[in-house]
Amino acid sequence: MTPGKRKVAVVGVSLSDCGRVDDATPYALHAQAARRALADAGMDRSLVDGFASAGLGTLPPVEVAEYLGLRPTWVDSTAVGGATWEVMAAHATDAIAAGHAEAVLLVYGSTARADIKAGRRTGNLSFGARGPLQFEVPYGHTLIAKYAMAARRHMHAYGTTLEQLASVAVQARANAALNPEAMFRDPITVDDVLSGPMIADPFTKLHCCIRSDGGAAVLLAAEEYVRDCRTAPVWVLGTGEHVSHTTMSEWPDFTMSPAAVSGRLAFGRAGIRPEEIDVAEIYDAFTYMTLVTLEDLGFCGKGEGGAFVEKGRLLVRGGELPVNTDGGGLSAQHPGMRGLFLLVEAVRQLRGEAAGRQARRPDGELPRLAVASGTGGWFCSSGTVVLGR
């Protein structure tokens, strides 16, 4: 933190009802998550003067703030896909540190699963056909196809195997088995992943995130408010953000994600080395995302991700670096832009509130440092937040 600026803490986190939620609107999930986060912090909503939201409403976050009964004097509607919430957390931290806001509420909610089930929408295959994307869409170049191509390139360049990618899904499911809120908890094996129906070569169904309903909220506040909050503070130590490309032709290296920049910035600003991190919450719409983000954040060298994820390193129970401790988007929940869920889980781990999935340091103590790294688009954007207690 720059000398003379206020420290910023996460003082409240929550999830709305998640998984299969057929009887709620996205607005209701926003409200439920927001109320729970305020209750978690023990803070009255009248103290919230900053609000950040994206993905819902004609004028986000104005429409959602109105629904929640808030009249903020600081707002953010940055929309960069799954990385949105880490980027918003960075912006909110800067605003609070500079005195432009006192308490900022980040909220998200989606009924993606329920909407498809009820026929209110269909599964989208692309992000649109205007602008630069018009040159790729006619060829059926879907989001998942872009990730699949990137994974194949990593396999070609570094010898990464399908079994190594599958082990990411297996370990995510093992962590989910410890989480009563996870949508899928039954154990799976590498063979289960490899033998599943093909979605986009090399990804079978279990290489891909689930589709769920759900919402989340995170409340950040200036250090002066911490003593009056119900929970122990989790401090924002450093943040970073980066955008790379929208078209595959402008992506310099399919084996490098923008987390290589956002992570370097976040760790540098926090004064923390990757090897000091106890818990990592990483966006995992596909198994390859976890593997390559671990490389780019500096937990292993470029091309070493396949070997790194083997042998249970990502497990809550006995793993050297517990990753996606709630089961991640591969097993716990993934209602759309999942970045806010990463922050919620990181805070719960640091506060020792993760119930049966609580990670521990080698000495048996609670985690002290965590990183949450969100990814948007097909590695188009990245936001990284380093947290500590």
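Residue Met256 belongs to no hydrophobic cluster, having no ILVMFWY side-chain heavy atom closer than 4.5 Å to its own. With a 4.5 Å cut-off between side-chain heavy atoms of Ile, Leu, Val, Met, Phe, Trp and Tyr, the cluster of Leu366 takes in none. Chaining together hydrophobic side chains whose heavy atoms lie under 4.5 Å apart places Leu59 alongside Val62.
Between atom CG of residue Leu178 and atom CD of residue Glu181 there is a gap of 13.0 Å, rounded to the nearest 0.5 Å. Note: Thr293 OG1 to Phe299 CZ = 10.5 Å, rounded to the nearest 0.5 Å. Here CZ of Arg338 is found 9.5 Å from SG of Cys209. Values are rounded to the nearest 0.5 Å. One finds the OG1 atom of Thr93 at 11.5 Å from the CH2 atom of Trp235 (value rounded to the nearest 0.5 Å). Considering CD1 of Ile188 and CG of Leu206, their distance stands at 5.0 Å, rounded to 0.5 Å. Put simply, CG on Asn324 and OG1 on Thr290 are 5.5 Å apart, with the number rounded to the nearest 0.5 Å.
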Next item on the list: Report the C-alpha distance between Thr111 and Leu29 in whole Å, list the side-chain angles of each, state the deciding distance to 0.1 Å, and finish with yes or no for side chain to side chain contact (heavy atoms under 4.5 Å, CB included).
Entry: CA-CA 8 Å; Thr111 53; Leu29 294 182; 3.8 Å; yes
Note to self: For Tyr147 and Phe379: C-alpha separation, side-chain torsions, deciding distance, then whether ring pair (Phe, Tyr, Trp, His ring centres under 6.0 Å) applies.
What the structure shows: CA-CA 8 Å; Tyr147 276 108; Phe379 293 118; 4.9 Å; yes
Checklist line | Pair Asp17-Arg36, salt bridge (charged side-chain N to carboxylate O under 4.0 Å, His left out): steps then yes or no | finding: CA-CA 11 Å; Asp17 294 345; Arg36 291 176 178 178; 3.0 Å; yes
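In this structure, His154 has its ring center at least 6.0 angstrom away from the ring center of Phe254.
Residue-environment remark: CZ (Arg120) exceeds the threshold of 12 foreign heavy atoms within 6.0 Å. Annotation for Arg230: atom CZ counts as buried by contact number, over 12 foreign heavy atoms lying within 6.0 Å.
Annotation for Val279 and Leu321: closest pair N-CD1, 4.4 Å, computed over non-hydrogen atoms. Heavy-atom minimum distance, Ala54 versus Ala79: CB-CB, 4.3 Å. Between Leu105 and Ala34, the closest heavy-atom pair is CD2-CB, 3.9 Å. When every heavy atom of Ala33 is checked against every heavy atom of Ala217, the shortest pair comes out as O-CB, 3.4 Å. Taking each heavy atom of Gly240 and Leu265 in turn, the nearest pair found is CA-CB, 4.0 Å. Ala52 and Trp85 make their closest contact through O-CZ3, 4.0 Å (heavy atoms, listed as atom of the first residue, atom of the second, distance).
Partners of His156 according to the side chain to side chain contact (heavy atoms under 4.5 Å, CB included) rule, which considers only residues two or more places apart in sequence or in another chain, are Arg153. When the side chain to side chain donor-acceptor pair (under 3.5 Å) test is applied to Thr255, the partners found at least two apart in sequence or on another chain are Asp253. Under the salt bridge (charged side-chain N to carboxylate O under 4.0 Å, His left out) criterion, Asp94 pairs with no residue, sequence neighbours left out. Residues forming a side chain to side chain donor-acceptor pair (under 3.5 Å) with Glu66 (at least two apart in sequence, or on another chain): none. Not counting sequence neighbours, the partners of Glu241 by the side chain to side chain donor-acceptor pair (under 3.5 Å) test are His91. Annotation: side chain to side chain contact (heavy atoms under 4.5 Å, CB included) contacts of Glu304 (sequence neighbours excluded): Cys300.
Residues Phe267 and Leu237 form no side-chain contact, since every pair of their non-hydrogen atoms from C-beta on lies 4.5 Å or further apart. Side-chain contact between Val344 and Ser14 is absent, with no heavy-atom pair separated by less than 4.5 Å. The side-chain heavy atoms of Leu106 and Leu220, taken from C-beta on, include a pair separated by under 4.5 Å. Contact check for Phe308 versus Gln164: no side-chain heavy atoms found under the 4.5 Å cut-off. With contacts defined as side-chain heavy-atom distances shorter than 4.5 Å, the pair Ser53/Met88 does not qualify. Between Met43 and Cys229 there is a side-chain heavy-atom pair separated by less than 4.5 Å. Here the side chains of Ser382 and Ser373 are in contact, with some heavy-atom distance below 4.5 Å. Looking only at side-chain heavy atoms (C-beta outward), Val48 and Val104 stay at 4.5 Å or farther from each other.
Leu297 and Val323 fall within a single hydrophobic cluster, where Ile, Leu, Val, Met, Phe, Trp and Tyr are joined by side-chain heavy atoms under 4.5 Å apart, directly or via other members. In the hydrophobic clustering of this structure, Leu342 groups with Ile272; members are Ile, Leu, Val, Met, Phe, Trp, Tyr whose side-chain heavy atoms approach within less than 4.5 Å, directly or through other members. Met149 and Tyr158 fall into different hydrophobic clusters, where Ile, Leu, Val, Met, Phe, Trp and Tyr residues are linked whenever their side-chain heavy atoms come under 4.5 Å apart, directly or through other members. At a threshold of 4.5 Å between side-chain heavy atoms, the hydrophobic network of Ile, Leu, Val, Met, Phe, Trp and Tyr places Leu162 and Ile199 in one connected group. Hydrophobic clustering, with ILVMFWY side chains joined whenever heavy atoms are under 4.5 angstrom apart, groups Leu68 together with Leu47.
The stretch residues 63-83 participates, sequence neighbours left out, in these ring pair (Phe, Tyr, Trp, His ring centres under 6.0 Å) pairs: Tyr27-Tyr67. The list of ring pair (Phe, Tyr, Trp, His ring centres under 6.0 Å) pairs with a residue in residues 312-346, not counting sequence neighbours, reads Tyr283-His334. Under the ring pair (Phe, Tyr, Trp, His ring centres under 6.0 Å) criterion, the residue pairs touching residues 174-224 are Phe203-His207, Phe203-Phe286, with sequence neighbours excluded.
Looking at Glu223 and Arg6, no side-chain N of the basic residue comes within less than 4.0 Å of a carboxylate O on the acidic one, giving no salt bridge. The pair Glu353-Arg348 does not meet the salt-bridge criterion, since no charged nitrogen lies less than 4.0 angstrom from a carboxylate oxygen. A salt bridge is absent between Arg185 and Asp326: the closest approach of a Lys/Arg side-chain nitrogen to an acidic carboxylate oxygen does not fall below 4.0 angstrom. For the pair Glu320 and Lys311, the salt-bridge criterion is not met [side-chain N within less than 4.0 Å of a carboxylate O]. A salt bridge links Asp40 with Arg351; the closest basic N to acidic carboxylate O contact falls under 4.0 Å. With respect to Arg368 and Asp278, no salt bridge is recorded, no charged nitrogen being found less than 4.0 Å from a carboxylate O. At a threshold of 4.0 Å, the pair Asp213-Arg20 does not count as salt-bridged, since none of the basic side-chain nitrogens sits closer than that to a carboxylate oxygen.
With hydrogens and angles disregarded, a donor-acceptor distance shorter than 3.5 Å links the side chain of Gln358 to the backbone of Ala354. Of the possible donor and acceptor atoms, one in the side chain of Gln349 sits under 3.5 Å from a partner among the backbone N and O of Ala359. Side-chain atoms of Asn175 do not come within 3.5 Å of backbone N or O of Gly327 as any donor-acceptor pair.
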